[in-house]
Structure formats: structure tokens, C-alpha cells
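Numbers restart at 1 for each chain; the letters A, B, ... are given by sequence-line order, proteins then strands.
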There are 2 protein chains.
Amino acid sequence: MYHIKSRIWIEGEEGVFLGEGRIKVLKAIMVEGSLSKAAKSLGMSYKKAWNLVDSINKNASNPVIITNTGGSGGGGTEITAYGVKMITAFENINKNCWDFLDQQLKELQL
Amino acid sequence: MYHIKSRIWIEGEEGVFLGEGRIKVLKAIMVEGSLSKAAKSLGMSYKKAWNLVDSINKNASNPVIITNTGGSGGGGTEITAYGVKMITAFENINKNCWDFLDQQLKELQL
DNA sequence: AAGCGTTGTTTCCTGCAAGATATAACGAAA
DNA sequence: TTTCGTTATATCTTGCAGGAAACAACGCTT
């Protein structure tokens with residue numbers, strides 16, 4: 001009958017640190033090896049992707065992303081071990097939240 | 001350090017049934033007794049408030065809102081007992097969700 | 001039957017988020 | 001030192017969500 005949905009996000013000092021969109025970009029970076037390729041693979045403008053990554057860097061307690069500008073291939077960006085840990089943590093919490101909410105709605109038996 | 005936030009909403013057959021914005025409108029209607037006054041009290045355009053109420057009606061399993069058009073005072077709208085029940089149910093789930101997420105984040109001890 | 005303040009609906013307008021575009025800086029490799 | 005594909009950033013443009021405004025319909029009260 002009814003179903004329940006949610007969006008969660010984690011904030012740091014200056015704004016949003018992680019959310020679903022940022023997670024998507026991070027995962028695409030892990031696959032593609034660069035921000036520009038990641039943006040392209042997601043059908044997202046480079047600017048938007050860059051803004052997301054910028055906000056991640058501004059709000060992270062520890063480095064999540066290492067960017068290398070210039071060099072043979074032009075550079076690229078990679079995700080730190082801390083970043084990988086945060087991705088999986090976020091996805092776990094998100095999954096748990098969904099399960100929790102489904103349970104909550106079921107208990108109401110509307 | 002980090003803190004976690006969320007938005008939840010309940011969907012029906014055709015779209016969103018309840019969310020934070022719709023709850024706000026419903027509660028304002030309960031106080032004000034009419035949709036137009038409720039919109040004004042929230043600093044929201046009548047059209048936006050009407051759209052929210054319309055989507056509630058389209059997706060509710062049972063009547064939530066009774067509108068009376070015309071009459072001495074011009075009419076007005078009131079919330080059914082079912083509507084009141086849904087409001088408190090939503091707010092409970094929302095509160096529980098916040099607590100749950102805070103707990104989840106704390107368990108990570110970042 | 002006239003007046004009133006609602007609900008309900010349409011049309012027009014505008015601000016702004018987001019895309020598109022352009023360009024500088026970078027540094028390894030050849 | 002030239003080339004290359006990045007990162008980083010500024011500027012311009014545009015689509016559209018949302019507000020503003022206008023108006024019809026309604027029905028109780030007087």
C-alpha cells in the first residue's frame with residue numbers, strides 16, 4: 001500500500017560531506033581513475049562533479065581524495081583508504097536505515 | 001565532528017503521500033482552519049500548498065482532508081481523525097529514524 | 001439576490017540551479 | 001620544449017520549478 005523512502009547525508013563543519021550523489025561520484029572515480037572520466041561515465045557535467053568532490057574535501061576529517069594535476073596522462077584522482085572506508089560505512093548505514101524504516105512502517109500496519 | 005541528517009517520505013500509488021513539507025501544511029491547517037490561511041502562516045504560496053494537499057489526497061488510502069468550499073466564512077478545510085493519526089505516525093517514525101541514524105554513526109566512532 | 005472569503009485552476013513571469021563553454025595551470029614523457 | 005589530458009576556475013546561457021496574479025465557482029449568511 002504505502003511504502004517509505006529516505007535520503008540520508010553526513011555533514012561536516014562547512015556543509016555536506018557525504019550523500020548519495022557524492023558516493024556515486026567517488027565510486028565512479030575509483031573505477032575510472034579520474035574525475036573528468038568519472039563525470040562523463042555518469043552523464044554529469046564536470047563542474048557538478050567537481051563541486052561535489054570539492055565539498056567532500058572541505059568537510060572531511062581526513063583526506064578522502066588525492067588529486068594529481070599534470071603529468072604524463074594529465075593527472076587523475078584516487079580515493080584514499082579512509083575514503084573507501086567511508087563509502088562502505090555510508091552504504092551500510094543507508095541500507096540499515098532502509099530496513100529500519102520498512103520495519104517501522106510495517107509495525108503501523110496501516 | 002560529523003553529524004548525520006535524513007529526510008523520509010511515504011509514497012502511495014501515484015506519488016508522494018507524506019513528507020516533512022506536507023506535514024507542516026497539515027499542521028498549519030489544523031491551527032488555521034483553512035488552506036489559504038495555512039499557506040499565509042507558512043509564508044508559502046497558495047498554489048504550492050494546494051499542490052501539496054492535492055498530492056496527499058491523491059495518494060491517501062483513506063480521507064485525510066475535508067474541504068468545504070463556499071459558505072458563510074467562504075469555506076475551509078479540516079483534518080480527519082485518520083489524518084491526525086498519520087501526522088503523529090509520520091513524526092514518530094521520523095524521530096525514530098533520527099535516533100537510529102545517530103546511533104549508527106556513533107557506532108562507527110569516526 | 002448580493003456579499004463574502006474560501007477552494008480550485010489557469011496563465012504569466014522570474015530567479016536561480018545547472019549545463020555549456022572557454023581557458024589557465026600543471027607536470028611527466030618523448 | 002612541445003605535447004597531452006588532466007585539474008581548477010570563471011563566465012555565459014538556458015530550462016524549469018515555483019511564485020504572482022487573476023479569475024471562476026461555490027454556498028452560507030444577511
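- Per the geometry, CG belonging to A/Leu35 stands 19 Å off P belonging to C/dC26, to the nearest Å.
- Here A/Thr80 contributes atom OG1 and A/Asn62 contributes atom CG; the two are 8.0 Å apart, rounded to the nearest 0.5 Å.
- A salt bridge links A/Asp99 and A/Lys95; the closest N-O separation between the charged side-chain nitrogens and carboxylate oxygens is under 4.0 Å.
- Here the C1' atom of nucleotide C/dT6 and the NZ atom of B/Lys37 are 9 Å apart, to the nearest Å.
- Among the candidates B/Ile87, B/Asn92, B/Asn94, the single residue satisfying the side-chain contact (heavy atoms from CB on, under 4.5 Å) test with B/Phe90 is B/Asn94.
- Expressed to the nearest 0.5 Å, how far CD1 of B/Ile93 lies from CZ of B/Phe100 amounts to 13.5 Å.
- Looking only at side-chain heavy atoms (C-beta outward), B/Ile79 and B/Ile65 come within less than 4.5 Å of each other.
- Follow the hydrophobic side-chain contacts under 4.5 Å out from A/Ile4 and you reach B/Ile56 in the same cluster.
- For DNA chain D, the span of nucleotides reached by chain B at under 4.0 Å from its heavy atoms goes, 5' to 3', from D/dG19 to D/dT29.
- Non-hydrogen atoms lying under 4.0 Å from DNA chain D are contributed by A/Tyr46, A/Lys47, A/Trp50, A/Thr67, A/Thr69, A/Gly70, A/Gly73, all within residues 46-73 of chain A.
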Taking only distance into account, with no hydrogens and no angle test, what donor-acceptor pairs under 3.5 Å do side-chain atoms of residues 13-34 of chain A form with protein atoms, sequence neighbours excluded?
| residue | atom | partner | partner atom | Å |
| --- | --- | --- | --- | --- |
| A/Arg22 | NE | A/Ser55 | OG | 2.9 |
| A/Arg22 | NH2 | A/Ser55 | OG | 3.1 |
| A/Lys27 | NZ | A/Glu91 | OE2 | 2.8 |
| A/Ser34 | OG | A/Ser36 | OG | 3.3 |
| A/Ser34 | OG | A/Lys37 | N | 3.1 |

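- At least one side-chain heavy atom of B/Ser6 sits less than 4.5 Å from a side-chain heavy atom of B/Trp98.
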